[in-house]
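As structure tokens, the structure follows; a few thoughts come after it.
All figures in this text were calculated on a predicted structure; none of them were measured in a lab. Order of the sequence lines sets the chain letters (A, B, ...), proteins ahead of strands, with each chain counted from 1.
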Amino acid sequence: MSNYASPEEYGLADLLCCAAAHEVKDNEVVFAGTGLPMVAIMLAQQTHAPNLKLIFEAGTLDGRPPEIPTSVGDARCEMGASRASGLYDAFSIAQRGYVDMGFLGGAEVDQYGNVNTTCIGDYLDPELRLTGSGGNPDINSFAKRTVFIMVHEKRRFVENVSYITSPGWRVKKWPGGEFVHRRELYGAAYRGGPSAIISTLGVFRFDEQDGHMYLDTYHSGSTPDEIKTQCQFDLDISRVKGATELPTKEELRLIHELLDPDEIFIPKTKKS
Amino acid sequence: MSNYASPEEYGLADLLCCAAAHEVKDNEVVFAGTGLPMVAIMLAQQTHAPNLKLIFEAGTLDGRPPEIPTSVGDARCEMGASRASGLYDAFSIAQRGYVDMGFLGGAEVDQYGNVNTTCIGDYLDPELRLTGSGGNPDINSFAKRTVFIMVHEKRRFVENVSYITSPGWRVKKWPGGEFVHRRELYGAAYRGGPSAIISTLGVFRFDEQDGHMYLDTYHSGSTPDEIKTQCQFDLDISRVKGATELPTKEELRLIHELLDPDEIFIPKTKKS
Amino acid sequence: MSNGKRITLQQAAEIIKDGSSLTFSGFTIWRRPMAIIFELIRQHRKNLHLIEVNGGSQTEFLVGAGCVDIWESCWVGHELYGKYGANLSRKVAEKKIIVEDYSHAEMLFRFTAAASGSPYAITQTSLGTDIHNPEYDMLGRAGLRDGKRIAKLKYQFTEDPFYGAGSQVLVPAAKVDIAVLCVQQVGEEGTVRVNGQYYSDPEVARAADITIVMAEEIVPEEYLRRNADQNTIASFEVDHIVECPFGAHPTGMFGRYDVDGAFLKNFYATTRTQEGYDAFAKEWIHGLDHISYLEKLGWPRMLKLRANTAMNYSPREKKGGN
Amino acid sequence: MSNGKRITLQQAAEIIKDGSSLTFSGFTIWRRPMAIIFELIRQHRKNLHLIEVNGGSQTEFLVGAGCVDIWESCWVGHELYGKYGANLSRKVAEKKIIVEDYSHAEMLFRFTAAASGSPYAITQTSLGTDIHNPEYDMLGRAGLRDGKRIAKLKYQFTEDPFYGAGSQVLVPAAKVDIAVLCVQQVGEEGTVRVNGQYYSDPEVARAADITIVMAEEIVPEEYLRRNADQNTIASFEVDHIVECPFGAHPTGMFGRYDVDGAFLKNFYATTRTQEGYDAFAKEWIHGLDHISYLEKLGWPRMLKLRANTAMNYSPREKKGGN
């Protein structure tokens, strides 16, 4: 008598979004970026975490948008918010340590959870310049933990990212650039790091001591061995717990009827 | 056919207030403390400087109070203001260099314009603890020039103030405490210093090169020689220009009918 | 949606333990959380460490009552109703209190640093003054600079490496246990709307580990959230809320009531000695609660202080406090 | 009381000289001063140095037109209407532009420092990332770090001397010649009231040496001054004002109109090549003025974007931009 959706009822984006939503606990202060992270957080707000406090980077504090904003600068963010102000407030609050969790995205990730959103190829002669960091490294530096949502392709799960935009568990110590544990650099500002990478194939977590990524759960339709072949580094699949929890029918209803009916971030699945 | 008031029509506080008001130019951004400075600045606003922009330390920007506030935190400050916010704004704007002039008070002053509002006697074993600095050193550090309004007593015009609360033209260089020119310490933040001390006896200015105070004008009823005897340091009276301009009848009317009818800061003069 | 943030005046005071570091909303004689101050005095709180952007009547009441061991700030007095802090001055002369002097901007930037999670702030103020006299580092002299809640150094000079702008003064973040605010409105979930100047309220609320907000009225959260851009402090920055009308008296509140100048003048005049303070406290603090305090003040007095809605202050109150 | 701050769109653009450093109000695709951006492109402005808390459509329009030599910021794109900055990306690949990357918080704190007159700010963000890779100091590599308008160093690490909190990142104040804002209301004397999120508008206005405010409407100053606590920027921080309804289009404005997603989608799709950009600019920028631009957009389009007063956004605009 499960309420879980059957495979033909959900798409990968649904699975991703629900898995991400499950990372949030009630009453937490959560900082979410534009796109899927926003849908995931609002899904959590509609389900198990009605008292979470949502911060949008552009300056909305404890927002309760009745419909999904197109971006964090959107006028929709302010509806029902505790305070609408600006970036100084959002980043000060984050740096002060109020944020339990950040929800982010990325183009490339390495085995330590270092994420790249800046460029593909040599930074000094790039193949492709991307958007740049935005608040990704900031939220990731300030929050107690961060969750990344990513498309899974082998070219995105790499040995070394082209550019470390956002810090993982082992990061570069300048001026030399040797990898050290994040804790060593952040001192009193150390609060944690990436707690999960949720890709279109599985959910990955990190050994906080040695900083390495491991597979926690695999999404229905893939296997740990297959996922391992989709990473350029040697993914630890020894700690896998099982399959990722499926979306429920209610979650799918909330995503497609309430949060994103216009399929702005999450396409509807054609019933077969 | 002068509009100047006759001696029996004004008191020393009137003279002080009017002399202070004359220090302001139109269109300037002025930062005024509570008390006589506030009356002086509002008098200027009502006479020759209608476009001056008045900042109150508690967070009122470009205020146009219709009646004298009791202090800079007063609700009266906000009437007609461009923006009411807080101290962060007021001090950021000041440190950014917007402020042309600051209007301040003090308990003691030395020959370099160093002012004390902190204590009388040895700081470590004081005869009398006063209010403390307030924003006096800040406004004085940030503004292009500052004007002080003080009661003139020999015990207040001293060789060395008990405590330098607010920096004059020659100040202490720490850790040693030797006197150096203000310019040497402030670097790029150097914008000027005290431009006038207006006491109940005269108007004093400073040689900006050597930092020494000199008598600029004496108030009607006193003489340069008498004023010199009312200073513990060797006051330069060689540059005196003449008598201080008297209050006009209109200025007196504004002070006593419009600005301070309740004699909160300036007593009315009994007609003889 | 309420979430249990509402407490009583008594409970608010009980959260503040002996030895706590404490800061307040408001400015000199405006929007000070006096009802909680009185309750702290009734509860005989001891060894408090006040860290204030500026002091005012609240400081004088607490200091006079002997609640305070350390005062870090820049100014104390009652504005035109009392030239200086007579109680503080007396305790300083008697060496019963440690005073650490900063400038006003330094105090403000110290709170700004704490509020934005920085260990210190950069300013260019007060160079050349005795505020930076190394002999006058009173917390250092007392051996209290443990580098935990009290910074290792009072300040540090450094040079600007970016533009060659010269000497900068670094001042440590103001780390405080508890901020007590007094405002016009707070929502059931903690959203604060301050009317008029907000002074340094947003900074002190965010800097403190625990933030208590006392308001003239607790309003439906949803009412404040209809205009989020008019609110001052976000819900999650506030831990406890207290409804207490006229809670700032004898200090004033924009849009609600003026400073009670006569009350402060009398306080200043009668508390220049400890005996005077004790008698004043006996009459106005001990043995009363907030309602009996208001009863004692009486209607005519409060109606005179009441602000005119269009002006946000009282046109009836004679400003000189007579 | 007016004081001659009012100028035209053309005059506003003329104040911005070739080689100026420039920054803007808004956030990515919201409240960008597009009408002035278009005018700058019409006037063939060159060698601009953009220093932005974040980039957005305004960046892409200026960069595509070849107006920009240096871009210091952290992000560029059109949110969901264009994944990244295709024009910037092309110019980067062709090495026709210098990009200096900071993090978002670093950029914000750089402006906060400039706005409060500090030569630099302290943060603890982005430690361990390539943002701090010394090889990637692009202004340094180009020999442009003169220590005057461009800081001698991109950043500097230091240790906290007060609480032993560890590594701090010092970042230089963002020194900019001109800030161009786009807001809902400005008073005749320059008082600005922003509705909704104010993003980093107060900081950029105060950081710049010259501040130009373009508003949907210039309102009587006295109207704004009736509620001083609802205003965002003080009169004297603003040097010039311009009235320009729909001046932010195709970006959006809280309470007035939504982002024109279809317009931005089309811009993104067609300007991935320089030829595409030139054709787009020929159609939508050159040879038009603001009114003929609005005429070209047409009433149905603008009415669809128009915000609902109760919601502050348009319930009619399909958010996907189709």
Side-chain angles (χ1 to χ4, degrees), chain B residues 34-35 56-60 68 70-79 84-88 91 94-95 114 118-119 123-138 141-142 163-167 171-175 177 180 182 185-190 262-265, chain C residues 26-30 53-54 73-77 79-80 83-85 88-89 92-93 99 101 103-105 108-109 112 123-136 157 163-167 196-203 252 254-255 258-259 261 307 311-313 318-320:
Chain B
T34 292
F56 292 130
E57 197 164 344
T60 297
I68 202 87
T70 58
S71 65
V72 300
D74 193 334
R76 287 160 184 81
C77 293
E78 276 104 324
M79 285 282 276
S85 55
L87 281 77
Y88 178 77
F91 283 130
Q95 190 168 260
N114 292 304
T118 302
C119 68
Y123 181 77
L124 298 176
D125 190 15
E127 290 166 43
L128 181 62
R129 168 77 199 188
L130 304 172
T131 52
S133 70
N136 206 311
D138 308 308
S141 294
F142 298 147
Y163 182 101
I164 299 183
T165 309
S166 196
V171 291
K172 288 182 179 173
K173 182 174 182 172
W174 303 113
V180 297
R182 176 190 182 107
L185 284 189
Y186 278 75
Y190 172 79
D262 298 335
E263 302 179 81
I264 295 166
F265 299 108
Chain C
F27 189 96
T28 66
I29 56 171
W30 291 90
V53 174
N54 55 67
S73 191
C74 71
W75 188 93
V76 68
E79 299 283 9
L80 75 163
K83 270 174 191 263
Y84 69 103
L88 184 88
S89 188
V92 167
V99 170
D101 275 301
S103 81
H104 205 179
L108 186 274
F109 288 126
T112 305
T123 86
Q124 297 147 295
T125 186
S126 306
L127 289 158
T129 69
D130 276 311
I131 294 169
H132 300 153
N133 185 332
E135 292 298 306
Y136 297 168
F157 293 133
Y163 297 103
S167 269
Q197 300 182 108
Y198 51 69
Y199 311 127
S200 45
D201 294 9
E203 289 83 5
F254 180 95
D258 260 37
V259 173
M311 302 156 96
N312 294 303
Y313 57 86
K318 195 158 179 343
K319 284 179 288 184

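Taking B:Ala84, B:Gly132, B:Gly187, B:Gly86 one by one and counting their heavy-atom pairs under 4.5 Å with chain C, the maximum is reached by B:Gly86. Your options are B:Ser133, B:Gly177, B:Ala189, and the one with the most heavy-atom pairs under 4.5 Å with chain C is B:Ser133. Among B:Gln95, B:Glu127, B:Arg129, B:Met79, the residue with the largest count of heavy-atom pairs under 4.5 Å with chain C is B:Arg129. Counting heavy-atom pairs closer than 4.5 Å to chain B, the top-ranked of the candidates C:Gly164, C:Ala165, C:Gly166 is C:Ala165.
Judged purely by atom type and a 3.5 angstrom limit, C:Ser89 has no side-chain atom pairing as donor or acceptor with the backbone of C:Gly85.
The minimum heavy-atom distance linking C:Asp130 with C:Tyr136 is given by the pair O-CD1, 3.6 Å. Closest heavy-atom contact between B:Leu87 and B:Glu57: CG-O, 3.5 Å. The two residues B:Asp138 and C:Ser103 have their closest heavy-atom pair at OD1-OG, 2.6 Å. When every heavy atom of C:Leu127 is checked against every heavy atom of B:Val171, the shortest pair comes out as O-CG2, 4.5 Å.
Using a 4.5 Å cut-off between heavy atoms, B:Ser141 contacts chain C through its side chain alone, with no backbone atom that close. Looking at B:Leu185, the atoms closer than 4.5 Å to chain C (heavy atoms on both sides) sit in the backbone and in the side chain alike. For B:Tyr190, no part lies under 4.5 angstrom from a heavy atom of chain C. Both the backbone and the side chain of B:Asp125 come within less than 4.5 Å of a heavy atom of chain C. Contact annotation for C:Phe27: only side-chain heavy atoms (C-beta onward) come within less than 4.5 Å of a heavy atom of chain B. With a 4.5 Å cut-off on non-hydrogen atoms, C:Val99 touches chain B through its backbone and its side chain both. For C:Gln124, the parts lying under 4.5 angstrom from a heavy atom of chain B are both the backbone and the side chain. The contact between B:Ser166 and chain C is made entirely by backbone atoms, counting heavy-atom distances below 4.5 Å. In this structure, no portion of B:Asn114 lies under 4.5 Å from any heavy atom of chain C. Looking at B:Thr60, both its backbone and its side chain come within 4.5 Å of chain C, counting heavy atoms on both sides. For chain C, no part of B:Val180 is nearby; none of its heavy atoms comes within less than 4.5 Å. For B:Tyr186, the parts lying near chain C are the backbone and the side chain together; criterion is any non-hydrogen pair under 4.5 Å.
A side-chain donor-acceptor contact under 3.5 Å links B:Tyr123 and C:Asp101.
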### Query
Going through the checks in order, is the side chain to side chain contact (heavy atoms under 4.5 Å, CB included) test met by B:Tyr88 and C:Glu203?
CA-CA 9 Å; B:Tyr88 178 77; C:Glu203 289 83 5; 3.4 Å; yes
